[in-house]
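Okay, so here's the structure we're looking at.
Worth knowing before you read on, the calculation uses all heavy atoms, side chains too, and leaves out hydrogens, waters and symmetry mates. This one's a predicted model, so the numbers in the text were calculated from it and none came from an experiment.
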Amino acid sequence: MERYAGALEEVADGARQQERHYQLLSALQSLVKELPSSFQQRLSYTTLSDLALALLDGTVFEIVQGLLEIQHLTEKSLYNQRLRLQNEHRVLRQALRQKHQEAQQACRPHNLPVLQAAQQQELQAVEHRIREEQRAMDRKIVLELDRKVADQQSTLEKAGVAGFYVTTNPQELMLQMNLLELIRKLQQRGCRAGKAALGLGGPWQPPAAQYDQKGSPVPP
């Protein structure tokens, strides 16, 4: 009798799982229609079905939330590092300008051309140093964000999320962004499989260095 009851429970659990899978798959198929046609063609039924399976117990929603939080912390840290470097450069320029002005005021007129030439060389050397330090910082930012992308891709791949693996291919990265956008929208719709993870912030995206037209980082 107990075996019979256990078998019935397994059948019921299987039916509930199938129903949740169907609901998630249907929702994904509906959401895919909002994507550009080029990405719709790449998101096959099999891919969407596998994604729906990965979302059944809500664990993936929690993983994405954790990745998003780590991403924001990383971006904030890198932005603050570059901001500190910019402040250091601003102080350096101000100190050099003041030093030059004081030297010129104390200089005798007939020695002024020689002093100004020397100061110009010093200024050029300082500006060259500043540019090199800025480039080094930007390279560091890009490398760190690239590492985070790879970590996030690997984590989602291990979690069994369809479409995720470590890659730097721009088209594949865009596809992964769209997949995560689908996950975010599922949360917003409050699908039963994702209710435990509702409250996730904005869409997670593989990070990339973002700068304004002047080359300064855009704050996260």
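- The side-chain heavy atoms of V149 and T168, taken from C-beta on, include no pair separated by under 4.5 Å.
- Shown here is Q171, whose CD atom has no more than 12 heavy atoms of other residues, nucleotides or ligands within 6.0 Å.
- Residues satisfying the salt bridge (Lys or Arg N to Asp or Glu O under 4.0 Å) criterion with E88, sequence neighbours excluded, are absent altogether.
- Under the salt bridge (Lys or Arg N to Asp or Glu O under 4.0 Å) criterion, R147 pairs with E144, sequence neighbours left out.
- Linking ILVMFWY residues whenever their side-chain heavy atoms come closer than 4.5 Å, directly or via other members, places F61 and M177 in the same cluster.
- By the side chain to side chain contact (heavy atoms under 4.5 Å, CB included) test, E69 pairs with Q65, sequence neighbours left out.
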Would E19 and R16 count as a salt bridge (charged side-chain N to carboxylate O under 4.0 Å, His left out) if you check the C-alpha gap in whole Å, the side-chain angles of each, and the deciding distance to 0.1 Å?
CA-CA 5 Å; E19 177 64 20; R16 285 192 290 270; over 6 Å; no
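- Using a 4.5 Å heavy-atom cutoff, the side chains of R42 and N178 are not in contact.
- Hydrophobic clustering of Ile, Leu, Val, Met, Phe, Trp and Tyr side chains at less than 4.5 Å, counting indirect connections, keeps I70 apart from V60.
- In the hydrophobic cluster analysis, where Ile, Leu, Val, Met, Phe, Trp and Tyr join through side-chain heavy atoms closer than 4.5 angstrom, Y45 is grouped together with L56.
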Identify all side-chain donor-acceptor contacts of residues 98-115 below 3.5 Å with residues at least two apart in sequence or on another chain.
from: Q98; atom 1: NE2; to: E102; atom 2: OE2; distance (Å): 3.2
from: K99; atom 1: NZ; to: E122; atom 2: OE2; distance (Å): 2.9
from: H100; atom 1: NE2; to: E122; atom 2: OE1; distance (Å): 2.9
from: Q104; atom 1: NE2; to: Q119; atom 2: OE1; distance (Å): 2.6

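- By the side-chain hydrogen bond (donor to acceptor under 3.5 Å, both in side chains) test, R84 pairs with no residue at all, sequence neighbours left out.
- Applying the side-chain hydrogen bond (donor to acceptor under 3.5 Å, both in side chains) test to T74 and every residue at least two apart in sequence or in another chain returns nothing.
- Residues forming a side-chain hydrogen bond (donor to acceptor under 3.5 Å, both in side chains) with S154 (at least two apart in sequence, or on another chain): none.
- Evaluation of the salt bridge (Lys or Arg N to Asp or Glu O under 4.0 Å) rule for R129 yields E133 as partners, not counting sequence neighbours.
- In this structure, the side chains of R184 and L180 stay at 4.5 Å or more apart for every pair of heavy atoms.
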Extract all donor-acceptor atom pairs below 3.5 Å that involve side chains of residues 155-167 and protein atoms in other chains or at least two apart in sequence.
from: T155; atom 1: OG1; to: D151; atom 2: O; distance (Å): 2.8
from: Y165; atom 1: OH; to: E172; atom 2: OE1; distance (Å): 3.0
from: T167; atom 1: OG1; to: N169; atom 2: N; distance (Å): 3.0

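- Within the 4.5 Å cutoff, no side-chain heavy atoms of V142 are placed close to those of D138.
- Expressed to the nearest 0.5 Å, how far CG of L48 lies from CG of L24 amounts to 11.0 Å.
- For the pair E75/H72, a side-chain contact is recorded, criterion being any heavy-atom separation below 4.5 Å from C-beta on.
- No single ILVMFWY cluster, assembled from side-chain heavy atoms under 4.5 Å apart, contains both L85 and L92.
- At a threshold of 4.5 Å between non-hydrogen side-chain atoms, the residues L43 and L179 count as touching.
- Atom CG of residue L96 and atom CZ of residue R93 lie 10.0 Å apart, to the nearest 0.5 angstrom.
- With sequence neighbours left out, R131 forms a salt bridge (Lys or Arg N to Asp or Glu O under 4.0 Å) with no residue at all.
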Could you go through the side chain to side chain contact (heavy atoms under 4.5 Å, CB included) check for I130 and V126 one step at a time?
CA-CA 6 Å; I130 287 174; V126 168; 4.0 Å; yes
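- In this structure, R97 has no side-chain hydrogen bond (donor to acceptor under 3.5 Å, both in side chains) partners at least two apart in sequence or on a different chain.
- The main-chain N or O of S49 is found under 3.5 Å from a side-chain atom of H21 such that the two form a donor-acceptor pair.
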What do the steps show when you test K140 against R82 for side chain to side chain contact (heavy atoms under 4.5 Å, CB included), and what is the final call?
CA-CA 10 Å; K140 174 185 175 181; R82 197 177 196 279; over 6 Å; no
Pair K148, L67 - check side chain to side chain contact (heavy atoms under 4.5 Å, CB included), show working.
CA-CA 9 Å; K148 286 300 177 185; L67 293 175; over 6 Å; no
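- A search for side chain to side chain contact (heavy atoms under 4.5 Å, CB included) contacts involving Q40 returns V32, L35, not counting sequence neighbours.
- With rounding to the nearest 0.5 angstrom, the CG atom of D50 is 11.0 Å from the CG atom of L55.
- Of the inter-residue distances, the one linking L78 atom CG with L73 atom CG reads 11.0 Å to the nearest 0.5 angstrom.
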